J.: 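Questions regarding the structure given below will be posed in turn.
Being a predicted model, the structure only gives us computed values, none of them experimental.
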Amino acid sequence: MLWGGFSGGLELRNSADGATCLRGRFPYGVATTLVDGGHGQRAKKEVIAKRAFAPRIDAGEDIHFLAQHDFDKPLASREAGSLTFEDQDDALAFEARISPQMKEVSYVRDFLAGLEAGLVTGLSPGFRIRSDQNAESIAADGDAILRTIRAADLFEISAVTKPAYPSAQIEARSWGLTAHPSQSHLKRWRL
């Protein structure tokens with residue numbers, strides 16, 4: 001599975017029932033450098049095209065919100081009714097609701113403490129590029145190689161410490177009211 005990331009502002013609020021609501025945005029059309037081109041390598045950049053994650057989102061398939069891409073640390077999911085998405089032309093927006101019961105779980109407490117301390121500020125999607133021919137393109141971009149992802153299956157989105165996409169945003173509020181793909185083709189892009 002591939003991961004990208006995004007960091008941004010953070011805000012925590014508690015609801016009357018003790019739930020915490022997190023909102024985030026992963027921007028489309030913003031290139032990020034995955035490999036800087038040092039040590040004789042060519043720089044590698046990646047951009048996610050608008051609505052690239054639409055296939056699973058529009059189909060209503062289950063997607064998880066995780067801590068640090070760890071499926072053993074789920075925070076919310078569509079299937080549980082605690083995760084919603086709005087796929088816009090400029091960004092993928094989501095809202096995750098962490099219930100008071102989940103906030104009693106040790107890894108959730110750890111995650112929320114890291115969030116409040118400003119240590120977890122990034123947002124990163126976990127996805128697999130679809131198999132059709134138009135799902136991705138690779139082109140020269142000056143001295144770099146640019147991969148544009150046009151169609152990908154989103155399986156999870158994570159709050160992370162160090163995202164690859166620095167423009168993604170996550171904020172936390174508490175309000176009153178897979179199958180994993182083969183890793184061989186992925187290594188050409190991820191260190």
J.: Would I57 and L92 count as a side chain to side chain contact (heavy atoms under 4.5 Å, CB included) here? Give the steps.
T.: CA-CA 10 Å; I57 291 169; L92 173 64; 3.3 Å; yes
J.: Is the shortest heavy-atom distance from the side chain of D89 to the side chain of Y28 under 4.5 Å?
T.: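 Side chain of D89 against side chain of Y28, heavy atoms only: no contact under 4.5 Å found.
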J.: Take I145 and I138 through the test side chain to side chain contact (heavy atoms under 4.5 Å, CB included) and record every step on the way to the result.
T.: CA-CA 7 Å; I145 298 170; I138 299 173; 3.4 Å; yes
J.: Mind running side chain to side chain contact (heavy atoms under 4.5 Å, CB included) on K73 and Q68 for me, showing each step along the way?
T.: CA-CA 8 Å; K73 295 180 179 178; Q68 305 290 347; over 6 Å; no
J.: Can you check whether D153 reaches F53 side chain to side chain, under 4.5 Å on heavy atoms?
T.: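 No, too far: nothing below the 4.5 Å cut-off.
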J.: R130 and A135: which non-hydrogen atoms are nearest, and at how many Å?
T.: O-CB, 3.3 Å
J.: Determine whether the side chains of T33 and K44 contain a donor N or O and an acceptor N or O closer than 3.5 Å.
T.: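 There is no such pair (donor and acceptor under 3.5 Å, judged by atom type) between the side chains of T33 and K44.
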J.: Identify the heavy atoms of A52 and P55 that sit nearest to each other, and give their distance.
T.: O-CD, 3.5 Å
J.: Are any of the side-chain heavy atoms of F111 and L22 separated by less than 4.5 Å?
T.: yes
J.: Can you tell me if S137 and R150 form a side-chain donor-acceptor pair at under 3.5 Å?
T.: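 Their side chains do contain a donor-acceptor pair, which is all the 3.5 Å distance test asks for.
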J.: Please name the pair of heavy atoms, one in I63 and one in L154, separated by the smallest distance, quoted to 0.1 Å.
T.: CG1-O, 3.6 Å
J.: Can you check whether L75's main-chain N or O pairs, donor with acceptor, with Y107's side chain at less than 3.5 Å?
T.: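 No, because the side chain of Y107 does not come within donor-acceptor range (under 3.5 Å) of the backbone of L75.
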J.: Provide the closest heavy-atom pair for I98 versus V108 in the form atom of the first, atom of the second, distance.
T.: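 The answer is CG2-CG1, 3.8 Å.
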J.: Does a sphere of radius 6.0 Å around CG in D132 hold more than 12 heavy atoms from other residues, nucleotides or ligands, not counting ones at 6.0 Å or beyond?
T.: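 Counting neighbours around CG of D132, more than 12 heavy atoms of other residues, nucleotides or ligands fall under 6.0 Å, so yes.
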J.: Compare all side-chain heavy atoms of V47 with those of T32 and state whether any distance is below 4.5 angstrom.
T.: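 No, side chains not in contact.
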J.: Before we go on, tell me: are the rings of F127 and F155 under 6.0 Å apart, centre to centre?
T.: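 No, too far apart.
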J.: Are a donor atom and an acceptor atom from the side chains of S99 and Q101 found within less than 3.5 Å of each other?
T.: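 Judged by distance alone, the side chains do pair up.
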J.: Looking just at side-chain N and O atoms, do S158 and E156 make a donor-acceptor pair shorter than 3.5 Å?
T.: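 Short answer, yes.
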J.: Do you know the tightest heavy-atom contact between R42 and A144?
T.: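 Smallest interatomic distance, heavy atoms only, reads NH2-O, 3.8 Å.
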J.: Checking the side chain of R78 only, and the main-chain atoms of E61 only, is there a donor and an acceptor separated by less than 3.5 Å?
T.: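 Here the side-chain-to-backbone pair exists.
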J.: Which heavy atom of A31 sits nearest to which heavy atom of L146, and what is that distance?
T.: CB-CD1, 4.4 Å
J.: Is it true that K50 and D90 have a side-chain N and a carboxylate O under 4.0 angstrom from each other?
T.: no
J.: Test side chain to side chain contact (heavy atoms under 4.5 Å, CB included) on K45 and D141; report intermediate values, then the result.
T.: CA-CA 9 Å; K45 298 179 181 180; D141 181 34; 3.6 Å; yes
J.: Does the R97 side chain pair with the main chain of S82, one donor and one acceptor, at a distance under 3.5 Å?
T.: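 Side chain of R97 to backbone of S82, a donor-acceptor pair under 3.5 Å: no, none is there.
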J.: Would you find a donor on one side and an acceptor on the other, under 3.5 Å apart, between the side chain of R109 and the backbone of E104?
T.: yes
J.: Do Q88 and R51 pair up side chain to side chain, a donor and an acceptor below 3.5 Å, judged on atom types alone?
T.: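 Note: Q88 and R51 side chains miss the donor-acceptor criterion.
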J.: Could you check if a side-chain atom of L66 sits within less than 4.5 angstrom of a side-chain atom of I157, using non-hydrogen atoms only?
T.: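 Heavy-atom side-chain distance check fails, nothing below 4.5 Å.
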J.: Is the closest side-chain heavy-atom distance between F94 and T84 below 4.5 Å?
T.: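 Sidechains of T84 and F94: no contact.
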J.: Can you check whether M102 reaches T20 side chain to side chain, under 4.5 Å on heavy atoms?
T.: no
J.: Check whether any side-chain heavy atom of E46 sits under 4.5 Å from a side-chain heavy atom of I149, and report yes or no.
T.: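 Sidechains of I149 and E46: in contact.
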J.: Check the orientation of H64 and F71. Use parallel for under 30°, tilted for 30 to 60°, and perpendicular for over 60°.
T.: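 The arrangement is perpendicular - the two ring planes meet at more than 60°.
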